[in-house]
Novice: 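Here it is, the structure in full.
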Amino acid sequence: MSHTGMQPGAALLPRIPDESVCSTLLAQIPPQVAAHSRAVQRLALEMCDALAAHGVRLNRSLLSAAALLHDICRTEPNHAFAGAQKLRDLGYPEIADIVAVHHDWSGEPFDESALLYLADKYMQGDQRVTLEERFERSRAKCHTEQALCAHDRRYRLALEAQQQYDLLIGEKQP
């Protein structure tokens, strides 16, 4: 033990909410948003397992919690930022970092954030759709040039994330 009372290296491990905490938080959001989050979690974990089978190791527990909680503030403006802030306030900074970029992933590296971004884009509500279907449907909500540009950027990033995923597993998926 160190002088702080913690095991050496313990501070390096992310603090991850367990299933009970996630369920309590999901109970506070609209049921259709919670159903979407659970569907995103299932797909993200399926994709994570495919990556693991090809030697790519991501933090499955971190991804699972982030997927469940990514839309925790979906009904608020700038929901990714609001959700990240709420999770930081609750003491989950690593989950918050992933949630913060689930709507606007940076494009690098392919990590838990990228996998959540991609899995989220494959879900319309709690239904699995193609990237093309998802983005075609959401494009109709874009009423300004700025919104259209952001939409097109997100679509390109989703295609990029899919290409990176495909390279990592060595085949066309999911």
Side-chain angles (χ1 to χ4, degrees), residues 9 12-26 29 31-74 79-81 83-84 87 92-139 150-174:
L12 301 177
L13 297 175
R15 183 164 178 254
I16 301 171
D18 64 20
E19 187 73 32
S20 172
V21 171
C22 290
S23 293
T24 299
L25 293 169
L26 284 177
I29 62 176
Q32 68 274 17
V33 177
H36 164 76
S37 295
R38 286 187 188 94
V40 169
Q41 179 204 34
R42 283 190 299 275
L43 180 56
L45 293 178
E46 176 185 313
M47 295 171 79
C48 183
D49 291 344
L51 287 168
H54 289 84
V56 179
R57 303 279 182 231
L58 297 179
N59 186 325
R60 197 173 194 280
S61 297
L62 184 69
L63 176 63
S64 179
L68 279 177
L69 301 176
H70 77 280
D71 276 345
I72 194 168
C73 290
R74 183 69 182 108
H79 78 280
F81 175 79
L87 291 165
Y92 303 111
E94 294 86 1
I95 303 292
D97 290 345
I98 296 171
V99 168
V101 298
H102 87 272
H103 196 59
D104 282 304
W105 174 56
S106 67
E108 291 291 333
F110 197 91
D111 58 8
E112 293 84 0
S113 297
L115 194 52
L116 174 57
Y117 182 83
L118 184 57
D120 186 40
K121 301 310 173 255
Y122 270 110
M123 301 306 299
Q124 185 77 44
D126 62 353
Q127 299 298 307
R128 174 82 179 263
V129 295
T130 66
L131 293 176
E132 293 77 19
E133 290 170 320
R134 167 72 187 268
F135 281 90
E136 183 179 313
R137 291 176 188 170
S138 62
R139 197 172 211 291
H151 178 274
D152 291 347
R153 184 186 75 253
R154 290 179 184 124
Y155 183 42
R156 284 192 308 276
L157 284 171
L159 294 173
E160 180 183 324
Q162 182 62 58
Q163 287 177 326
Q164 289 184 39
Y165 177 82
D166 290 345
L167 287 172
L168 290 168
I169 65 164
E171 59 185 77
K172 184 74 174 135
Q173 287 263 341

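These numbers come from the heavy atoms of this one structure, side chains and all, not from hydrogens, waters or symmetry mates. Position 1 is the first residue of the sequence; numbering continues from there.
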Novice: Supply the atom-to-atom distance E160 CD to E108 CD, rounded to the nearest 0.5 angstrom.
Specialist: 6.0 Å
Novice: With no hydrogens and no angle check, is any side-chain donor or acceptor of Q127 less than 3.5 Å from a backbone partner on Q124?
Specialist: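 Looks like no, no N/O pair under 3.5 Å.
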Novice: Is the F135 ring parallel, tilted or perpendicular to the Y155 ring (thresholds 30°, 60°)?
Specialist: tilted
Novice: D104 pairs by salt bridge (charged side-chain N to carboxylate O under 4.0 Å, His left out) with which of R156, R154, K121?
Specialist: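 Only one option passes, and that is R154.
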Novice: Please list all pairs passing the salt bridge (charged side-chain N to carboxylate O under 4.0 Å, His left out) test where one or both residues lie in residues 47-56, with sequence neighbours left out.
Specialist: D49-R60
Novice: In this structure, which one of R42, Q41, E112 forms a side chain to side chain donor-acceptor pair (under 3.5 Å) with S64?
Specialist: Q41
Novice: Identify the heavy atoms of L62 and I16 that sit nearest to each other, and give their distance.
Specialist: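 Scanning both residues completely, I find the closest heavy atoms to be N-CD1, 3.6 Å.
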Novice: Side chains of D120 and H103: do they bring a donor and an acceptor to under 3.5 Å?
Specialist: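 The answer is no; no qualifying pair exists.
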Novice: Donor-acceptor pair, distance only, cut-off 3.5 Å: does the side chain of H79 make one with the backbone of R74?
Specialist: no
Novice: Stepwise, does the side-chain contact (heavy atoms from CB on, under 4.5 Å) test hold for L51 with Y165?
Specialist: CA-CA 8 Å; L51 287 168; Y165 177 82; 3.7 Å; yes
Novice: Test L68 against E19 for side-chain contact (heavy atoms from CB on, under 4.5 Å), laying out the working first.
Specialist: CA-CA 9 Å; L68 279 177; E19 187 73 32; 3.9 Å; yes
Novice: Could you tell me whether a side-chain N or O of H54 sits under 3.5 Å from a main-chain N or O of A50, the two making a donor and an acceptor?
Specialist: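 Yes, because the side chain of H54 sits within donor-acceptor range (under 3.5 Å) of the backbone of A50.
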Novice: Anything under 30° is parallel, anything over 60° is perpendicular, the rest tilted; go ahead and classify W105 against F110.
Specialist: perpendicular
